[in-house]
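Just the heavy atoms: all of them, side chains too, but no hydrogens, waters or symmetry mates, feed the values below. Throughout, numbering of the chain's residues begins at 1 and tracks the sequence.
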Amino acid sequence: MVEQAGLRALRRMDPEAAHGLALRALRSGLGPVGGPVTSARLRTNLAGLVLPNPVGVAAGFDKNAVALAGLARSPLGFVEVGAVTPRPQEGNPRPRLFRLTEDRAVINRFGFNNDGMEAVGDRLARRPDGMVLGVNLGANRDSADRAGDFALVLGRLGPFADFATVNVSSPNTERLRDLQGRAALSALLARVMEAREGLPRSIPVLLKIAPDLSAEELADVAEVANGSGLSGLVATNTTLSRDGLRSSHAGEKGGLSGAPLFERSTRVLARLSTLTDLPLIGVGGVDSAEAAFAKIRAGASAVQLYTALAYGGLSLAGEIARGLDALLARHGFESVAQAVGTGRGDWL
């Protein structure tokens with residue numbers, strides 16, 4: 001009740017200001033408590049990481065790792081912070097975040113705004129015990145060596161993270177998505193893997209892809225991923241598509257996330273699962289236990305939320321995890337792993 005009242009108040013504010021206020025509230029101890037929802041069915045192994053449940057928060061929610069203590073007390077099974085670049089970056093001019101309430105969606109064109117790897121690294125060094133924490137790696141907009149940026153951030157933040165995600169799929173940094181091409185991606189991942197070799201302990205490295213890849217481009221990404229030493233893929237980032245939107249903000253530039261992305265991202269996820277045996281994280285339009293279950297049956301071993309939290313609050317993660325537990329039981333699955341890919345054919 002209190003959370004819903006707070007959400008109604010936040011929705012009357014500028015979206016970016018509201019997001020900042022929500023993070024400050026989380027840092028102050030407001031928000032769900034009790035820790036991750038878990039059960040024997042929900043416990044999940046993802047690329048060697050043991051998750052209490054497969055429902056995480058995507059990069060972008062806590063870009064700068066300022067609310068880790070609050071997130072550790074939440075129902076989430078894992079947390080990903082960032083994207084983080086080597087140097088601090090202001091990002092694109094405001095306004096750059098738009099609610100599409102009629103569509104249960106958001107458009108953002110942040111442009112990797114963040115405090116930089118030194119500030120974020122200092123916070124990660126003080127991370128709470130017990131949480132599964134990943135960092136999303138980014139590149140500075142004006143960098144002459146963007147591939148090198150990803151390696152630099154991994155080298156700085158990797159010692160404090162449980163996994164890292166290479167983000168070459170944001171649509172808000174000019175020509176960043178060009179790094180998803182076969183040759184560029186191979187070269188970039190080779191440098192990232194070299195940086196991983198220098199860490200005190202090896203951690204899983206994942207790759208986050210765009211939902212707007214053609215079938216040929218997706219096949220190229222999968223082929224590179226399979227031979228690169230990656231531990232998994234994240235499908236997908238935001239989309240440039242605007243199909244079927246009703247909101248007056250539909251024409252804003254940037255990446256679209258939320259409910260309209262669900263079908264597109266799930267189809268990409270299902271196709272990707274036929275091209276690789278690497279574990280997948282499903283992202284895009286996850287706003288209910290049913291949506292999470294559909295992603296898992298399409299091929300995901302875990303899912304991530306972001307936009308849905310703006311409409312349902314952080315307690316939604318707990319509702320989804322508990323609902324997912326019930327759905328697994330109802331369909332006769334003793335674990336998340338048993339359900340992975342069992343409905344892939346519905347999306348192909």
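A donor-acceptor pair is defined here as one N or O able to donate and one able to accept, closer than 3.5 Å; no such pair exists between the side chain of N108 and the backbone of L97. In this structure a side-chain-to-backbone donor-acceptor pair under 3.5 Å is present from R109 to P95. Between the side chain of R127 and the backbone N or O of M131, at least one donor-acceptor pair lies under 3.5 Å. Side chain of Y311 to backbone of D287: no donor-acceptor contact under 3.5 angstrom is found. R126 places a side-chain N or O within donor-acceptor distance of the main-chain N or O of D122, the cut-off being under 3.5 Å. Checking side-chain atoms of H19 against main-chain N and O of P15 turns up no donor-acceptor pair under 3.5 Å. Proximity of a side-chain donor or acceptor of D149 to a complementary backbone N or O of N140 within less than 3.5 Å is detected. In this structure a side-chain-to-backbone donor-acceptor pair under 3.5 Å is missing from N167 to G138.
When hydrophobic side chains of Ile, Leu, Val, Met, Phe, Trp and Tyr are connected at separations under 4.5 Å, L245 ends up clustered with F98, L100, I107, L256. In this structure, L348 shares a hydrophobic cluster with no other residue, the cluster being traced through Ile, Leu, Val, Met, Phe, Trp and Tyr side chains under 4.5 angstrom apart.
With hydrogens and angles left out, the side-chain atoms of T38 and N53 include no donor and acceptor closer than 3.5 Å. R344 and T274 share no donor-acceptor pair across their side chains, judged by distance under 3.5 Å alone. Side-chain contact check for D103 and S247: no donor-acceptor pair (N or O, by modelled atom type) lies under 3.5 Å. Side chains of S265 and K295: a donor-acceptor N/O pair is present below 3.5 angstrom, by distance only. Side-chain contact, T307 with S257: a donor N or O sits under 3.5 Å from an acceptor N or O.
In this structure, F333 and R41 have side chains that are not in contact, with every pair of non-hydrogen atoms separated by 4.5 Å or more. For the pair N237 and D212, the minimum side-chain heavy-atom distance is 4.5 Å or more.
The minimum heavy-atom distance linking T238 with G255 is given by the pair OG1-CA, 3.3 Å. Residues S170 and F112 approach most closely at CB-CE2, 3.8 Å, considering heavy atoms. Residues P54 and S301 share a closest heavy-atom pair of CB-O, 3.8 Å. Residues M117 and L152 approach most closely at SD-O, 3.8 Å, considering heavy atoms. The two atoms that bring R73 and G29 nearest to each other are NH2-CA, 3.4 Å, heavy atoms only. Contact detail for H249 and R99: the closest heavy-atom pair is CD2-O, 3.2 Å.
Put simply, the residue from N136, T85, N64 that forms a side-chain hydrogen bond (donor to acceptor under 3.5 Å, both in side chains) with N114 is T85. Evaluated for a salt bridge (Lys or Arg N to Asp or Glu O under 4.0 Å) with D115, the options R123, K63, R87 yield exactly one hit, R123.
Within 6.0 Å of CD in E102 there are more than 12 heavy atoms belonging to other residues, nucleotides or ligands. With a 6.0 Å radius and a threshold of 12 heavy atoms from other residues, nucleotides or ligands, D277 has its CG atom at or below the threshold. Surrounding CZ of R27 are at most 12 heavy atoms belonging to other residues, nucleotides or ligands under 6.0 Å away. Annotation for E90: atom CD does not count as buried by contact number, only 12 or fewer foreign heavy atoms lying within 6.0 Å.
Between D325 and R43, none of the side-chain N atoms (NZ, or NE/NH1/NH2) sits under 4.0 Å from a carboxylate O, so this pair counts as no salt bridge.
No single ILVMFWY cluster, assembled from side-chain heavy atoms under 4.5 Å apart, contains both V166 and I281. Under the 4.5 Å side-chain heavy-atom criterion for ILVMFWY residues, no single connected hydrophobic cluster contains both Y306 and L206. Under the 4.5 Å side-chain heavy-atom criterion for grouping Ile, Leu, Val, Met, Phe, Trp and Tyr, V132 is not connected to V79 through any hydrophobic cluster. Under the 4.5 Å side-chain heavy-atom criterion for Ile, Leu, Val, Met, Phe, Trp and Tyr, L278 and F78 are members of distinct hydrophobic clusters. L42 and L49 fall into different hydrophobic clusters, defined by Ile, Leu, Val, Met, Phe, Trp and Tyr side-chain heavy atoms under 4.5 Å apart, directly or through other members.
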- [ ] Kindly determine whether V221 and L233 satisfy side chain to side chain contact (heavy atoms under 4.5 Å, CB included), including the steps that lead there.
- [x] CA-CA 10 Å; V221 167; L233 295 113; 4.3 Å; yes
- [ ] Run the numbers on I203 and D162 for side chain to side chain contact (heavy atoms under 4.5 Å, CB included), then give the verdict.
- [x] CA-CA 6 Å; I203 61 173; D162 299 306; 5.9 Å; no
TODO: Report the C-alpha separation of R267 and D346 in whole Å, then their side-chain angles, then the decisive distance to 0.1 Å, and conclude whether the salt bridge (charged side-chain N to carboxylate O under 4.0 Å, His left out) test is met.
DONE: CA-CA 9 Å; R267 290 193 187 283; D346 296 340; over 6 Å; no
Task: CA sep, side-chain torsions, deciding dist, call: L328, Q338, side chain to side chain contact (heavy atoms under 4.5 Å, CB included) - done: CA-CA 9 Å; L328 289 166; Q338 282 187 357; over 6 Å; no
Task: Derivation and outcome, side chain to side chain contact (heavy atoms under 4.5 Å, CB included), residues L157 and V84 - done: CA-CA 9 Å; L157 303 185; V84 185; 3.9 Å; yes
